[in-house]
Engineer: 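Below you will find the structure I want to go over with you.
For reference, positions follow the sequence shown, starting with 1. When a ligand or atom number is given, it counts from 1 through the structure's own listing order.
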Amino acid sequence: MRAMVLERQAPAASRPLGWQELEDPRPADDEVLVRLGACGVCRTDLHLVEGDLPPHRLPVVPGHQAVGRVEAVGAAVRRFRPGDRVGVAWVHRLCLGCEPCIEGRENLCEHPTFTGWDVDGGYAEKIVVPAAFAHPLPAGLGDDAHVAPLLCAGIIGYRALKRSGLRPGSRIGLWGFGASAHLALQIARAWGAEVFVVTRSEAAQQRARRLGAAWAGGPGERPPRPLAHAISFAPAGSVLPEALAALDRGGTLAIAGIHLDRVPELDYEEHLFYEKSICSVTANTRRDARELLALAARLRLETDIETFPLEQANEALARLAADQLGAQAAVLTIG
Ligand SMILES: [Zn+2]
Ligand SMILES: [Zn+2]
């Protein structure tokens, strides 16, 4: 099969991925082999390619928002058959034996492996995935390219909404408006929440308003009303004091990124007193994924994508790095 392979971490602008012919992966007894139709390009891929995240192995095929159809199943797999449509997400395998796993907090597994980081990911024509961690796709979702961003951006946005404690009808602020935030906005609106968006790009502010944001402004601007909930989707810690200052008493800020450049000094009175809370969002449980995919089908969540052929993965990453995407999410089309 053909794949885009990272041999050495380097800036996206230097075109670090190479177009290679690899052996087809073979499914182990508990795995399925999936022929891919699309794979989303996530900011985490960029962090891995550029070295913000340490490599777990090199060379590696990045990509963890992959969509396709099962081509073959391992001897022990009963859950899937060839032809089934599945999604492959960030969590590749969890130990299911550590304390967090046993207690139902499997996103905090002490021995996780991740797609496109510990094992080869979806910037390829085929992928193998444990059957227990492949996500069946409900009927009613769109084509592969439009489904791809749901598998990380969507799931993480959904978990971030839950971590922020969002209650129907309350007010939430979103800092940063990429793929994840624009899906979270749609869910929050469906739950009757009033949504406020802070993002640099005026085009993104307009998209936020079109999707139902009550207000959208730029960095340094404060949403017009105090917020009960906030999510930071930006990899820049500088937004944390802004978001915390915009919270009402008792409000919660969830940080949705896997990478944050730094945590700036906070002022206790302005940013934390009055029982404001700050929390992170780490990966997801399989239940999060199942719930998000069902919601996406029921609410007909819109994913706004720009597509690139697989062999142009470098171009997609460079455009994401330079904030020059023509849409909320980049997706590689395969085959
Ligand atoms: Zn575990
Ligand atoms: Zn991701």
Engineer: Any idea how H56 and W117 line up, ring-wise: parallel (<30°), tilted (30 to 60°), or perpendicular (>60°)?
Structural biologist: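 Parallel: the ring planes of H56 and W117 meet at under 30°.
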Engineer: Hey, which of E110, E103, E106, R105 is the one that makes side chain to side chain contact (heavy atoms under 4.5 Å, CB included) with C98?
Structural biologist: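 Exactly one pass, corresponding to E110.
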Engineer: Spell out the protein N/O/S atoms under 2.8 Å from the Zn ion (ligand 1) as residue plus atom name.
Structural biologist: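 Less than 2.8 Å away from the Zn ion (ligand 1) sit C95 SG, C98 SG, C101 SG, C109 SG.
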Engineer: Flag the pair R78 and D30 as a salt bridge only when some basic side-chain nitrogen lies within less than 4.0 angstrom of an acidic carboxylate oxygen.
Structural biologist: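 Salt bridge absent between R78 and D30.
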Engineer: If you measure from the Lys or Arg side-chain nitrogens to the Asp or Glu carboxylate oxygens, is any gap between D84 and R79 under 4.0 Å?
Structural biologist: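 No, this pair does not count.
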Engineer: Are R57 and D118 within salt-bridge range, i.e. N to O under 4.0 Å?
Structural biologist: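 Salt bridge flag = no for D118 with R57.
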Engineer: Please set out all donor-acceptor pairs under 3.5 angstrom arising from side-chain atoms of residues 246-260, sequence neighbours excluded.
Structural biologist:
none

